[in-house]
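Below is one structure, written out as structure tokens, with a few remarks after it.
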Amino acid sequence: MTPASSLPPGWQARLEGLARERLERDPSCHDWDHTLRVLLCARRLAASEMADLSVLTAAAILHDIARPEEMASQGRVDHAALGSQMALRLLEQEGLGDETWRQRVARCIRTHRFRNRTGESPQTVEERVLFDADKLDSLGAVGLARAFHFAGKTGARVHNTAREALEGESYGREDSAYREYLVKLRKLPQAMLTRAGREAAEKRLAFMADFFQELDRECFPE
């Protein structure tokens with residue numbers, strides 16, 4: 001195990017610079033701002049968990065480094081799987097940590113996705129905390145902002161009916177913020193893996209539910 005004290009001075013700033021450079025090339029709702037929010041949230045959640053902050057910090061900084069590839073492929077590339085491989089190479093190139101530490105960081109990244117394609121689920125405390133922190137940024141006011149940002153970037157409608165949304169396809173015209181809410185976001189609280197994450201998710205989801213009820217009333221008045 002690599003203790004944080006054995007990592008070189010300035011290691012976090014070096015990783016932040018590398019991740020920021022990648023994520024700012026193709027701005028999206030998974031940009032550098034999102035990464036910073038996830039990092040801060042992960043550290044808050046970790047306050048009530050016995051997490052290795054060096055592993056968690058590195059994983060949070062690098063968790064979305066393969067998002068540009070996923071966006072370019074319209075979802076065919078799994079950013080979690082590819083990102084874990086990229087993180088391993090990057091950490092080794094930068095000379096950070098031993099192999100065990102690097103693998104722990106990579107596994108956090110590999111298992112952080114809600115729509116997991118790897119067949120693996122978060123197991124360690126660091127994996128569970130990163131999973132929850134990433135999901136919390138999809139909920140509440142910031143979650144709404146990100147959902148509409150993504151929908152606008154892909155050319156989706158501002159709003160649609162539940163039927164239109166659920167019958168629509170990813171990256172299509174019906175892939176609205178409401179579709180993201182129906183397909184994924186409303187299910188997140190029950191998927192949370194830490195107590196603090198679940199409590200925060202329930203509060204944020206209630207805000208979103210109220211918002212979409214009002215949007216329905218305004219767009220589809222009886």
Side-chain angles (χ1 to χ4, degrees), residues 7-46 53-97 102 105-117 126-127 129-156 158 170-171 175-177 180 184-185 188 204:
L7 292 167
W11 70 270
Q12 181 175 337
R14 284 164 57 190
L15 282 189
E16 289 179 354
L18 292 168
R20 181 172 186 168
E21 182 181 1
R22 274 194 60 80
L23 294 173
E24 287 188 342
R25 291 177 193 166
D26 183 24
S28 71
C29 56
H30 295 94
D31 60 6
W32 177 243
D33 289 340
H34 162 71
T35 293
L36 280 181
R37 291 192 302 268
V38 170
L39 174 60
L40 293 173
C41 183
R43 295 181 74 90
R44 286 197 299 270
L45 293 179
L53 287 181
S54 68
V55 170
L56 183 59
T57 296
I61 292 170
L62 300 176
H63 80 280
D64 268 350
I65 57 171
R67 272 289 180 181
E69 286 76 7
E70 180 167 301
M71 286 293 294
S73 72
Q74 293 194 327
R76 290 186 294 275
V77 170
D78 179 1
H79 78 278
L82 177 59
S84 67
Q85 298 169 10
M86 293 171 63
L88 273 177
R89 291 195 298 269
L90 189 152
L91 292 171
E92 185 174 6
Q93 290 168 3
E94 293 296 311
L96 298 180
R102 293 193 291 266
V105 173
R107 184 176 160 81
C108 285
I109 296 169
R110 193 162 60 250
T111 61
H112 85 273
R113 187 176 185 176
F114 178 70
R115 301 184 181 103
N116 193 297
R117 304 182 195 174
E126 294 82 19
E127 292 165 20
V129 169
L130 179 61
F131 180 92
D132 281 11
D134 186 53
K135 304 307 154 296
L136 281 174
D137 203 56
S138 297
L139 295 171
V142 70
L144 285 168
R146 292 179 66 217
F148 279 98
H149 186 291
F150 181 87
K153 190 176 179 68
T154 58
V158 169
S170 296
Y171 294 88
D175 195 7
S176 61
E180 180 73 353
K184 172 187 175 182
L185 304 182
L188 291 183
R204 293 190 183 198

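We use all heavy atoms of the structure for the numbers below, so side chains are in, but hydrogens, waters and symmetry mates are not.
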Exam field: side chain R67 to backbone L23, donor-acceptor pair closer than 3.5 Å: no
side-chain contact (heavy atoms from CB on, under 4.5 Å) between D137 and C41, intermediate numbers included: CA-CA 8 Å; D137 203 56; C41 183; over 6 Å; no
For the student: nearest non-hydrogen atoms of A133 and V38, plus distance: CB-O, 3.7 Å
From CD (E69) to CG (L82), nearest 0.5 Å: 5.5 Å
Sidechain-backbone polar pair: R22 side chain, I65 backbone, donor-acceptor under 3.5 Å: yes
Heavy-atom side-chain contact between L188 and L136 under 4.5 Å: no
Gap between atom CZ of R37 and atom CH2 of W32 - 0.5 Å precision: 12.0 Å
Minimum-distance pair of heavy atoms, taken over all atoms of A66 and G83: CB-N, 3.5 Å
Nearest atoms (heavy-atom pairs only) where T35 meets A60: CG2-O, 3.6 Å
Salt-bridge present (E24, R20; N to O < 4.0 Å): yes
Rounded distance (nearest 0.5 Å) linking atom CD1 of I61 with atom CG of L56: 9.5 Å
Nearest-0.5 Å distance that lies between atom CD1 in I109 and atom CG in L62: 5.0 Å
Test log, rule side-chain contact (heavy atoms from CB on, under 4.5 Å), inputs Q12 and L7: CA-CA 9 Å; Q12 181 175 337; L7 292 167; over 6 Å; no
H112 and its side-chain hydrogen bond (donor to acceptor under 3.5 Å, both in side chains) partner, picked from E127, H79, R107: H79
Any donor-acceptor N/O pair, R14 side chain to E94 backbone, under 3.5 Å: yes
Beyond-backbone contact of H63 with F131, side-chain heavy atoms, under 4.5 angstrom: no
Donor-acceptor under 3.5 Å (K184 side chain, E180 main chain): no
Short side-chain to backbone donor-acceptor contact, K135 and L185, under 3.5 Å: no
Backbone N/O of S54 and side chain of T57: donor-acceptor pair under 3.5 Å: no
4.5 Å side-chain heavy-atom contact, T111 and L130: no
Side-chain heavy-atom pair E70, D64 within 4.5 angstrom cut-off: no
Donor-acceptor contact present, side-chain H34 to main-chain D31, <3.5 Å: no
S73 to V77 - nearest heavy-atom pair and separation: OG-N, 2.9 Å
Closest non-hydrogen atom pair, A106 against S84: O-CB, 3.3 Å
Closest heavy-atom pair and its distance - A177, A151: N-CB, 3.8 Å
